[in-house]
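Report on the structure given below.
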Amino acid sequence: MSAFRPSRHGSRRPRVSFEFFPPKSAEMEASLWESVRRLEPLKPAFVSVTYGAGGSTRERTHNTVKRMVDETHLRPAAHLTCVSASCAEVDDVIRSYWAAGVRHIVALRGDPAGGLGTIYEPHPDGYQQTCDLVAGIRRIGDFEVTVSAYPEKHPEAASLDADIEALKKKVDAGATRAITQFFFDNDVYFRYLDKVRSHGIEIPILPGIVPVQNFKQTAGFARKTGASVPQWLADRFEGLEDDPATRRLVAAAVCAEQVLDLVDRGVSDLHFYTMNKADLVYAICHLVGLKPETAPAPQVAAA
Ligand code: FAD
């Protein structure tokens, strides 16, 4: 049994960050902001807002991030991809973020315009690789740049070593943090971390945690992105297809187990893919000791 459980001792709380996606409708917008407001008092190190495939959410991502700058105490990061855009177009987006007061970008290549599984064709006048985008961002402003990392390798990479070399190029171009694709077996993450360090990469590699809100959907997404789904995880959700209440409880237990184990094993920064839903993430943060700051105790008048 592990000697250290921060949830019991209340010390060494991890830092957290939260990912959101830009809303498509007024209803989704309301639920996004409800989640943002609920998670904000946990004082995340940063929050990030994704960029739709092929840049399809350019305006919505920008508006969401800008509203976070203007109306919250959060430090938002805007995701940005190279897909289907020239360097000049991407540079305009980067400058618009700088003008809006955004100082952190999550730089990505993006999926092929033809969808996952098709061949990626860079735009002829665009950034060819993510490392080129990272360098472009750093040329434009003193942004913090975060990139992706793949503990089970990116599906297009020839090998894990080749993928880690690609990560190294992103770091050499100026990335100062990576967030991993989600995974369910923590040993996969720790083995990856050892390999990354052996390639001379020293930046923080934040584990990306996905709370399984819907097992079928998560398993389908995992298949496409090369993340493995252990049989034990499938077994835990088996038979709960028509029982959302129990599914939610199981999802919370599975995520708690994963996160507590990561923290027990020394992980100090966690990144949650919130899917714009706060409850489960809030509960997990509470378990690792993150609570909203309470109001100062009332002064007792001297007798
Ligand atoms: P890259 O690092 O660009 O790698 C892609 C492939 O190219 C790999 O096989 C890699 O080994 C290879 N490669 C990279 N650089 C080089 C190089 N210099 N030389 C040779 N080979 C190289 N997608 C979105 O559309 N919007 C988002 O907001 C978004 N957010 C994400 C956030 C996170 C944390 C993660 C993990 C993924 C996200 N994605 C997002 C998905 C991502 O766009 C896809 O996985 C895409 O297929 C790869 O882009 P990348 O920047 O993650 O990978």
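Numbering of ligands and ligand atoms starts at 1, following listing order.
In terms of protein heavy-atom proximity, atom 20 (C) of ligand 1 is nearest to Q129 NE2, 3.9 Å. Of the protein's non-hydrogen atoms, Y51 O, 3.4 Å is the one closest to atom 27 (C) of ligand 1. From the protein, the heavy atom lying nearest to atom 1 (P) of ligand 1 is T130 OG1, 3.6 Å. Considering only non-hydrogen protein atoms, atom 41 (C) of ligand 1 sits nearest to Y150 OH, 4.1 Å. With respect to atom 40 (C) of ligand 1, the closest heavy atom belonging to the protein is L108 CD1, 3.9 Å. Distance from atom 10 (C) of ligand 1 to its nearest protein heavy atom, with residue and atom name: D163 OD1, 3.2 Å. The nearest protein atom to atom 48 (C) of ligand 1, hydrogens excluded, is given as H154 NE2, 3.4 Å; this is a heavy-atom distance.
When the heavy-atom distances from atom 5 (C) of ligand 1 to R109, K168, E165 are ranked, the shortest goes to R109. Around atom 53 (O) of ligand 1, the closest heavy atom drawn from S148, A162, A166, G226 belongs to S148. Here atom 30 (N) of ligand 1 lies nearest to H79 when heavy atoms of H79, E156, E19 are compared.
Side-chain contact check for Y127 and D91: at least one donor-acceptor pair (N or O, by modelled atom type) lies under 3.5 Å. No side-chain donor from either of E59 and N63 sits under 3.5 Å from a side-chain acceptor of the other.
Considering backbone and side-chain N/O of T180, none are found under 3.5 Å from N/O of ligand 1. At under 3.5 Å, a nitrogen or oxygen of A157, whether backbone or side chain, sits near a nitrogen or oxygen of ligand 1. For ligand 1, the polar-atom distance check against Q181 finds no nitrogen or oxygen pair separated by under 3.5 Å.
Remark: R109 qualifies as a cation-pi partner of Y120 under the 6.0 Å distance and 45° angle criteria applied to the six-membered ring. Geometrically, R38 does not engage W33 in a cation-pi contact, judged by NZ or CZ lying under 6.0 Å from the ring centre and within 45° of the ring axis.
The closest approach between a heavy atom of K170 and any atom of ligand 1 is below 4.0 Å. Ligand 1 has no atom lying under 4.0 Å from any heavy atom of G208.
At most 12 non-hydrogen atoms from other residues, nucleotides or ligands lie less than 6.0 angstrom from CD of E34. By the neighbour-count criterion of 12 heavy atoms within 6.0 Å, atom CD of E238 is sparsely surrounded, having that number or fewer from other residues, nucleotides or ligands. Around atom CD of E89, more than 12 heavy atoms belonging to other residues, nucleotides or ligands sit under 6.0 Å away.
Residue contacts with ligand 1 for T81 involve side-chain atoms from C-beta outward but no N, CA, C or O (heavy atoms, distance under 4.0 Å). Looking at Y120 against ligand 1, nothing comes within 4.0 Å, counting heavy atoms. Only the side chain of Y273 comes within 4.0 Å of ligand 1, counting heavy atoms alone; its backbone N, CA, C and O stay farther away.
Taking a cut-off of under 4.0 Å to the non-hydrogen atoms of D111, the atoms of ligand 1 that pass are 43 (O), 44 (C), 45 (O), 46 (C), 47 (O). Close contacts of ligand 1 with I179, meaning ligand atoms under 4.0 Å from a residue heavy atom, involve 34 (C). For ligand 1, the atoms sitting less than 4.0 Å from at least one non-hydrogen atom of T50 are 28 (O), numbered in the order shown with element in parentheses. Within the listing of ligand 1, atoms 18 (N), 19 (N) sit less than 4.0 angstrom from a heavy atom of K169.
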Could you walk me through whether H271 and S17 pass side-chain hydrogen bond (donor to acceptor under 3.5 Å, both in side chains), step by step?
CA-CA 5 Å; H271 183 79; S17 51; 2.7 Å; yes

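For R15, the salt bridge (charged side-chain N to carboxylate O under 4.0 Å, His left out) test picks out D269, with sequence neighbours left out.
Using bins of under 30°, 30° to 60° and over 60° for the plane-to-plane angle, the ring pair F143/W98 lands in the perpendicular bin.
Sorted by first and then second residue, the pairs that involve residues 53-82 and meet ring-ring contact (aromatic ring centres under 6.0 Å, His included), not counting sequence neighbours, are H62-Y97.
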